[in-house]
Amino acid sequence: MNILGIETSCDETAAAVVHNGRDILSNIVASSLKEHQKYGGIIPEIASRRQMLLIHSVVERALKKANVKIDHISAIAVTISPGLIGSLLVGISFARALAFALAKPLIEVDHIQAHLYANFLQPRQPKLPAVGLVVSGGHSSLFYLKTFNRFELLGQTRDDAAGEAFDKVARILNLGYPGGPVIDRLAQKGKNAEIRFRCAELSDSSDFSFSGIKTAVLYHARNTKSPLAVEKIAYAFQKSVVATLVSKSIDACRKKKAKTLLVGGGVAANSALRKEFAEAARNQDIQVFYPPLALCLDNAAMIAGLAYHRVGEKEIK
Ligand code: KG4
Ligand code: ZN
């Protein structure tokens, strides 16, 4: 069964064709990131206008690349939430009209759950049940997954998302947008024990809080003039965020007796996070999974993939 997935929740316009929830036949992502960079963050109006212009050609490219005729698509899947409302509307309206015109089922998919599903779009297949950590620019959530249709929310951020904290700290340090990749790179040269930041612990809870550490970085940076300090600050900030994400996730695995940990979202690309998870998981006999780098970021393959498990369940005609 071939499913056409459409994803327009943030700045990307994405379409993909996935066979039987596993094989990616095509995965097209058009990003408007460059147009937002000078503002230091995503401007919703710019994003949705770009998506209006791009959606048709992106879907056509996905079908062409997959070498699948539109009549041979079994269902259309679309991101329903969360996301920017104008952007979501572009994808949902397009998918609805297409499903109606072709008389095919339309399957709504949750964007955050799909980020975790991206782990199943690779040869090494995770085993369920699992704990799932989604860390991106818009979300930081911990889930317990028994099946692809049962996602239990264990905790989430009470303020900023992890990626948002990276982006805001990068802004404080004048490093541009998005902040994650550049902080990741600078931190590798800034190892030190002089500067320490701490994330709020929120003990006994699987919730996160990242807004306090961003303010701590702001005050520290204001009082430091040395250019070398940027690398050290990046290191100390990243170390603390990573430590929180790792310890909350491993705790959740322990509580739920899960031996599989799935990580998803843009921050899953972080090198320190991967290193720390590898070490903690080895000690606890837990298997950690990440999607391939391109599938950590927003894409439509994860939407089409998860939708395969929802066929016949929640269809909107
Ligand atoms: O999943 P994604 O494309 O966006 C949302 O769905 O929100 O992730 C983008 C986020 C940005 O906040 C970016 O700074 C962060 O992921 N990110 C990283 C890294 N690469 C991207 N954060 C930390 N380290 C990285 N290497
Ligand atoms: Zn996302």
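Atoms within each ligand, like the ligands themselves, are counted from 1 in listed order.
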Study note, to complete from the structure: The atoms of ligand 1 lying under 4.0 Å from a heavy atom of G138, numbered in the order shown, are 7 (O)

Exercise for review: Before signing off on this row, confirm whether D298 and ligand 1 have an N or O atom pair separated by under 3.5 Å.
Suggested key: yes

Exercise for review: Find all atoms of ligand 1 within a distance of less than 4.0 Å from any non-hydrogen atom belonging to G163, and give their numbers and elements.
Suggested key: 12 (O)

Point to revise | For H115, atoms of ligand 1 separated by under 4.0 Å from a heavy atom | key: 1 (O), 6 (O)

Point to revise | Polar atom proximity, G266 to ligand 1 (N or O, under 3.5 Å) | key: yes

Point to revise | Numbering as shown, the atoms of ligand 1 that approach D167 to under 4.0 Å (heavy-atom distance) | key: 11 (C), 12 (O), 13 (C), 14 (O)

Practice item. Using a cut-off of strictly less than 2.8 Å, determine whether H139 has an N/O/S atom near the Zn ion (ligand 2). Key: no

Check your understanding: Heavy atoms only: which of G265, S271, G180 is nearest to atom 25 (C) of ligand 1?
Key -> G180

Exercise for review: Flag F166 as yes when one of its N or O atoms lies below 3.5 Å from any N or O atom of ligand 1, and as no otherwise.
Suggested key: no

Check your understanding: What N/O/S atom of D298 is the closest to the Zn ion (ligand 2)?
Key -> OD1

Review point. So, for F237 and F166, is the gap between ring centers shorter than 6.0 Å?
Key: yes

Review point. Atoms of ligand 1 less than 4.0 Å from H111 heavy atoms?
Key: 6 (O)

Practice item. Could you point out which residue of F289, F151, F148 forms a side-chain contact (heavy atoms from CB on, under 4.5 Å) with L116? Key: F151

Revision key, fill the gap. If we number the atoms of ligand 1 from 1 as shown, the ones under 4.0 Å from a heavy atom of G179 are 14 (O)

Exercise for review: Give a yes/no answer: is there an N/O/S atom of H111 under 2.8 Å from the Zn ion (ligand 2)?
Suggested key: yes

